[in-house]
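I have placed the structure first, in the form of structure tokens, so that the comments after it can refer back to it.
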Protein chains: 2
Amino acid sequence: MVTIYDIAKKANVSPMTVSRVINNSPSIKESTRLKVEEAIRELEYVPNKQARSLTSKETKLVSLVIPDISNPFFTNIARGAEDKALQLGYQVILGNTDENKDKEAMYINMLMSSGVDGALIVPSSDDSAANMKRLVKRRIPFVYVDRTVDSVPADSITGDNLNTTRELVQHLIELGHERIGLINGPAYLSNARERAQAFRDTLILSGIQPNPRYMIETHFKQDNLDEIISKFLSLRENERPTAIVAANNFIGVNTLRALRSLGIRVPEDISVTCFDDPDIIPDYNPFLTVAKQPAYDMGYIGMQLLIERIQNEAPAATRKIVLPAELKVRTSTSRRGAQD
Amino acid sequence: MVTIYDIAKKANVSPMTVSRVINNSPSIKESTRLKVEEAIRELEYVPNKQARSLTSKETKLVSLVIPDISNPFFTNIARGAEDKALQLGYQVILGNTDENKDKEAMYINMLMSSGVDGALIVPSSDDSAANMKRLVKRRIPFVYVDRTVDSVPADSITGDNLNTTRELVQHLIELGHERIGLINGPAYLSNARERAQAFRDTLILSGIQPNPRYMIETHFKQDNLDEIISKFLSLRENERPTAIVAANNFIGVNTLRALRSLGIRVPEDISVTCFDDPDIIPDYNPFLTVAKQPAYDMGYIGMQLLIERIQNEAPAATRKIVLPAELKVRTSTSRRGAQD
DNA sequence: CTGTTAGCGCGTTCAC
DNA sequence: GTGAACGCGCTAACAG
């Protein structure tokens, strides 16, 4: 391995001078700088980050801890985060927790020993608090994306769950629906809680009494099809909702698949709408009415917040950024009764 | 920061003993091991990977260099790679090249200075050879995924482009099509070349003379809609193909969108089929007939090959693994003339 | 079984 | 402007 000593010898200077050239210190004679740069090129020297980190205490590495890169929503977050990181000279280490706090704990361990400068985290549950506290203790900056753990404050960037839910519900109400169901994620996630709350509030404000039987709870992962089917079957046929708000894209898609398997037509029998587009490719399959959250921006801005924090350019107070979603009305929702 | 010295003091042993415990060396008395582990727990000690790497020359970091994590095909590769890496105690650094060899070169630089132990690479073009050669020179193991750069040999895991293309074309021929078009990626990519060759060969074997005008070349990225439209418009209406093979998912989807915007019906007017499912979520939108390549396995096995190579458990000769695709016949392809 | 010594590659003092 | 000496946290190579 080529080190600064090798190139020092070749350029007839001390290793320190080489180090100065690499870190382009101002006080260096132009002639020696050129000499050193020449040697660096000839020997194809590449600085050793490990050694540098040992003294500088920074690695230019950040961790991205998300539930599952396979979910297009998180895919976009990752792409946004990576773009911003690259721009600012950081590299990102990817971790999939599968919404499992033990797997999350594992990544937190790895991330601490890797010496990353900070982390962008979609926490797996309120029970993640223990994991987050360990980061705080070690003074590793982190930023919440999409969800927060309120007991451990930190910068955050999330969707506007309140208004987005309201828009979705109002869209259905305007179409004449009153028996509206919510298929939600688990209540131990901040975003699911906020959506449930907003769902209830919107109905009440519209003079509709929320029916607890219409508020189903499942999880945000890809494999919730069977659960959705069985919960649906537990409702008597004549008391089924005529419209459904699914709290994320997987739930939306699996609701579609569940209804299809039960022979229920969408939107003729039931209108379906959800958070987050299931497609990475815009408008490829314009069917589902969705509230599209700006996932890319969440990752992009989240990474910016994080790196500002790492570089001590952030204000002392934690920042809470809330991004609006875009309602995309397509054909999975229609006027109640228009088809009967 | 808590170091082995701190815990050595607390446990009344030498730092070396602590190091031995951490790396669970066999020769250590049970009682002292317990004492040390106790201290580690109390002080919440986490080993510093940088320092360790300085002597061990390994970082347990691998790089995943792909064109774009937003493409579901690469998303699945990433997920597979990450799963395997975690299993084997490695962390993965993500890089998106956008099929751009300069961006690729940048990542190669970063990866070298980060001291990653190896890399999983989807090369951006045959011109990537220069980048690959730099890795060879530095003896950084790498594995090609999906595509190869033949001038620089290395382990590889790719799809079976020959047979997959043949199956796709034969499927169309069996449906009565003869005017079959190929919308391909650029010829400087090994997989596109193989697909073009197999496409021609299959037609000829079936007694159909390949028409060069039906072999359109664009790129594999998301934003090729306009290009596809204009290439399509350059064909006279009565000499348009009746079926199309799209060489990847983005091309497939954008062909669909292009045809839609031109008022051409699929499959009534033109059948469309492509490589790689555009959906992450299985069978959510069962429309496109696709040849689904096992992307997850490519990432998973690719990572395994890589880590074997890193740990010197691989044979000297480069390994070439070729994985078959699964033909999923859906409704975007139909019998020629059946609808007229 | 355990401790001592030295050094990994680099940057931070300080001098010169 | 430039260099020598020391230390970052850890482990390999020897002792003992």
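Lettering of chains follows the sequences in order, A, B, ..., and the numbering in each one begins at 1. A quick note: this is a predicted structure, and the numbers were derived from the prediction, not measured.
In terms of modelled atom types and a separation under 3.5 Å, the side chain of Arg309(B) and the main chain of Val143(B) share no donor-acceptor contact.
Taking a cutoff of 4.0 Å between a charged side-chain nitrogen and a carboxylate oxygen, Glu38(A) and Arg41(A) qualify as a salt bridge. Arg79(B) has a carboxylate O that lies under 4.0 Å from a charged side-chain N of Asp98(A), or vice versa, which qualifies the two as a salt bridge. Between Asp6(A) and Lys10(A), none of the side-chain N atoms (NZ, or NE/NH1/NH2) sits under 4.0 Å from a carboxylate O, so this pair counts as no salt bridge.
Judged by atom type and distance alone, Arg33(A) does not reach the base of dG1(D) through any side-chain donor-acceptor pair under 3.5 Å.
In this structure, Tyr5(A) atom OH and dC10(C) atom C1' are separated by 7 Å, rounded to whole Å. Between Ile22(A) atom CD1 and dT12(C) atom P the separation is 12 Å, expressed in whole Å. Note: CD1 (Ile4(B)) to P (dG3(C)) measures 12 Å, nearest angstrom.
Remark: Glu104(A) CD to Leu111(A) CG distance equals 10.5 Å, nearest 0.5 Å. Distance check: Glu58(B) CD to Asp117(B) CG gives 5.5 Å after rounding to the nearest 0.5 Å. Note that CG of Asp155(B) and CG of Leu306(B) are 8.5 Å apart. Values are rounded to the nearest 0.5 Å.
Within a heavy-atom distance below 4.0 Å of DNA chain D, the residues of residues 9-17 of chain A found are Val13(A), Ser14(A), Met16(A), Thr17(A). Within residues 23-32 of chain B, the residues approached by DNA chain C to less than 4.0 Å at the level of any non-hydrogen atom are Ser27(B), Ile28(B), Lys29(B), Thr32(B), in residue-number order. Of the residues in residues 37-61 of chain B, Leu54(B), Thr55(B), Lys57(B) come within less than 4.0 Å of DNA chain C through at least one heavy atom, sorted by number.
Between the side chains of Ser114(B) and Gln91(A), at least one donor N or O lies within less than 3.5 Å of an accepting N or O. Of the N and O atoms on the side chains of Asn23(B) and Ser25(B), not one donor lies less than 3.5 Å from an acceptor on the other residue. A side-chain donor-acceptor contact under 3.5 Å links Arg134(A) and Asn109(A).
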